[in-house]
J.: 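Sharing a structure here in structure tokens format.
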Amino acid sequence: MKAQLKPRINMEGRTALETVIPIETPFIVFIDPASSCNFKCTFCPTGHRSLIAETGRYQGAMKYETFTKAIDDLAEFGKPIKVLRLYKDGEPFLNKRLADMIRYAKQSGYVDYIDTTTNGTFLTPERLAPVIAAGLDKINISVDGMSKETYQEFTGFNFDFPKFIEGVKWLYANKGDMEVSIKVPGELITEAQRQEFFDTFGDYCDRIFIENFAPCWPEFNVEERSGIKIGEKGIYQQELKPTDTCPYIFYAMSVNADGLVSSCFLDWGRKLIIGDVRTESLKQIWNSDKMNALRLQHLEGRRCENKVCGSCGQLTHCLPDNIDEHRPMLLEKFRSMVKINPDVMAPGGLKERPLIAAE
């Protein structure tokens, strides 16, 4: 097998967040090319159409001018962001201008690295060649089973699995410098299919991994919705560790397909909105009272007062970083450097007292 047995995210060489918080320029900005998806995955909120309809969430592709506005906004930061993640809630290739988006961001000089994640439906030379030429640095491909029947059961999609395999092979042969990563949830394959997964894809990607399902989305019960039992290890096969302070809100933010900005890429229900890139700059939103109120809430140990953050399984099952033991020091540093309007509440809501402005 040519590929490295390695998770899609880099677990090694990570920046010690306690040494850099508060961060002037976000490390990662998620921008969602499309909030809709052609799959109806039982284990994903987006797959439940009626559930999404209840939230009033925009379902569709991001307008190109909204995207270019967001990229142009990055110029206000002191340096380029480390990673632009072109995915969040939907299937990125549903946006027919995905290649144009990649090219625009790549040529801006405001982004060091661009990746995306796809369900593999559109892995054809016609769709892939422009994306490769535009300069995409990495593509994460999600495999949702090793048979058409499994796909039908869990994604509700009549998936052409042999065509998908051919698409992966074409991509690997023509990828240039782009990295190809392939993963599958272990719960969607049998023990015998584990080796089949490696045999099928192991010579046609740069990294490959069998992940675990995780209860990552707030206010969405994966087990109840999908019938899949969550295991006792994290998404990357790591040991579970209680975590109380979300690190994501200190180094990343997410631009939804309609331009609304969420503090977290898991905000499927749009309850953690901190701004709107169509009317505000990303730097204004990054330093906004709403975003800082949420950060302060976590540093003060009041995460569970938040209706959304308090129910997030990402903290136990998916985190590569943990800043809990550094919280007292970071709280003191944060209060000394950041001023917050005392009338501003953290997105997600509070159950008890209002936030106190830093003195």
Side-chain angles (χ1 to χ4, degrees), residues 13-30 70 73-83 110 112 218 241-255 261-267 271-277 279-310 312 314-316 318-359:
R14 299 183 68 83
T15 300
L17 295 176
E18 66 274 11
T19 66
V20 293
I21 294 174
I23 297 171
E24 292 185 5
T25 301
F27 290 173
I28 300 172
V29 174
F30 289 78
D73 280 357
L74 296 176
E76 293 186 15
F77 291 105
K79 55 185 177 181
I81 62 170
K82 293 179 182 293
V83 182
Y110 309 140
D112 286 340
K241 181 188 293 186
T243 308
D244 194 42
T245 314
C246 178
Y248 290 113
I249 56 178
F250 293 94
Y251 68 81
M253 62 179 164
S254 302
V255 183
V261 181
S262 295
S263 61
C264 174
F265 70 99
L266 295 166
D267 183 28
K271 294 182 178 180
L272 297 174
I273 299 299
I274 53 173
D276 188 334
V277 75
T279 57
E280 304 166 84
S281 76
L282 282 180
K283 187 172 183 179
Q284 288 175 326
I285 297 170
W286 179 248
N287 295 312
S288 66
D289 282 342
K290 281 189 176 181
M291 187 63 159
N292 282 327
L294 184 63
R295 291 166 177 151
L296 182 60
Q297 185 182 60
H298 279 243
L299 290 177
E300 290 181 337
R302 299 187 295 112
R303 173 182 64 84
C304 289
E305 294 179 10
N306 191 301
K307 294 184 296 184
V308 182
C309 297
C312 180
Q314 186 83 358
L315 295 178
T316 53
C318 307
L319 286 187
D321 308 295
N322 190 324
I323 57 174
D324 278 0
E325 65 178 284
H326 306 286
R327 195 165 65 196
M329 177 272 291
L330 290 173
L331 177 59
E332 181 179 356
K333 185 178 179 182
F334 193 81
R335 281 176 166 164
S336 69
M337 297 178 67
V338 178
K339 303 295 182 181
I340 302 174
N341 185 333
D343 296 325
V344 175
M345 294 173 60
L350 293 172
K351 292 182 180 179
E352 297 179 8
R353 64 184 178 87
L355 291 163
I356 305 299
E359 297 298 332

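Treat the numbers as computed from the prediction; the structure is a model and nothing was measured.
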J.: Could you tell me the separation between the SG atom of C318 and the OH atom of Y248, rounded to the nearest 0.5 Å?
T.: 6.5 Å
J.: Would you confirm whether S281, through its side chain, and D73, through its main-chain N or O, come within 3.5 Å as a donor-acceptor pair?
T.: no
J.: Is the shortest side-chain heavy-atom distance between C309 and L294 below 4.5 Å?
T.: yes
J.: Hey, could you give me the CE/CD1 distance between M329 and I21, rounded to the nearest 0.5 Å?
T.: 8.0 Å
J.: Return the CG to OG distance between N341 and S288, rounded to the nearest 0.5 Å.
T.: 11.5 Å
J.: Got a sec, which residues hit ring pair (Phe, Tyr, Trp, His ring centres under 6.0 Å) with Y110, two or more places apart in sequence or on another chain?
T.: none
J.: Going by the rule side chain to side chain contact (heavy atoms under 4.5 Å, CB included), which residues pair with N287 if we only count those two or more places apart in sequence or in a different chain?
T.: K283
J.: Search all heavy atoms of T25 against all heavy atoms of G78 and return the closest pair with its distance.
T.: OG1-N, 3.5 Å
J.: Only counting residues at least two apart or in another chain, list the ones meeting salt bridge (charged side-chain N to carboxylate O under 4.0 Å, His left out) with D244.
T.: R303, R327
J.: Give a yes or no on whether the backbone of K271 and the side-chain of D267 come within a donor-acceptor separation of less than 3.5 Å.
T.: yes
J.: Report yes if some heavy atom in the side chain of I28 is under 4.5 Å from a heavy atom in the side chain of I81; otherwise report no.
T.: no
J.: Just wondering, do V255 and L282 contact through their side chains at under 4.5 Å, heavy atoms?
T.: yes
J.: Within this structure, what is the CE-CG distance for the pair M337 and L330, rounded to the nearest 0.5 Å?
T.: 11.0 Å
J.: Report, as yes or no, whether the 6.0 Å neighbourhood of atom CD on E24 holds more than 12 heavy atoms from other residues, nucleotides or ligands.
T.: no
J.: Measuring from S263:OG to L272:CG, what's the distance to the nearest 0.5 Å?
T.: 4.0 Å
J.: Is the side chain of T243 donor-acceptor paired with the backbone N or O of K241 at a distance under 3.5 Å, no angle test?
T.: yes
J.: Is there a donor-acceptor pair under 3.5 Å between the side chain of D321 and the backbone N or O of A16?
T.: no
J.: Check P218 against C312 and note the closest heavy-atom contact, atom names and distance.
T.: CG-CB, 4.0 Å
J.: Counting N and O atoms only, with roles assigned by atom type, does the side chain of W286 sit under 3.5 Å from a partner on the main chain of I23, one being a donor and the other an acceptor?
T.: yes
J.: Quick check: do Y251 and L17 have side-chain heavy atoms less than 4.5 Å from each other?
T.: yes
J.: Between I285 and D276, is any pair of side-chain heavy atoms under 4.5 Å apart?
T.: no
J.: Any side-chain heavy atom of F27 within less than 4.5 Å of one from V20?
T.: yes
J.: Using the side chain to side chain contact (heavy atoms under 4.5 Å, CB included) rule, take L315 and N322 through it: C-alpha gap first, then chi angles, then the decisive distance, then the call.
T.: CA-CA 9 Å; L315 295 178; N322 190 324; over 6 Å; no
J.: For the pair D289 (side chain) and I340 (backbone), establish whether a donor and an acceptor sit closer than 3.5 Å, ignoring hydrogens and angles.
T.: no
J.: Could you check if a side-chain atom of L74 sits within less than 4.5 angstrom of a side-chain atom of P80, using non-hydrogen atoms only?
T.: no
J.: Could you tell me which non-hydrogen atom of P247 sits nearest to which non-hydrogen atom of L319, and how far apart they are?
T.: CD-CD1, 3.7 Å
J.: Grab the two heavy atoms, one from I249 and one from R295, that are nearest each other, plus how far apart they are.
T.: O-NE, 2.8 Å
J.: How are the rings of F265 and F30 set to each other: parallel, tilted or perpendicular (split at 30° and 60°)?
T.: parallel
J.: Taking all atoms of both residues into account, what is the closest heavy-atom pair of A346 and N306, and its distance?
T.: CB-ND2, 4.4 Å
J.: Test your reading of the model: is there a side-chain donor-acceptor pair from Q297 to the backbone of A293, 3.5 Å cut-off?
T.: no
J.: Determine the minimum heavy-atom distance between C246 and H298, stating which atoms define it.
T.: N-ND1, 3.2 Å
J.: Got a salt bridge between K333 and E18, using NZ or NE/NH1/NH2 to carboxylate O under 4.0 Å?
T.: no
J.: A side-chain contact here means heavy atoms from C-beta on lying under 4.5 Å apart; do F250 and I323 qualify?
T.: yes
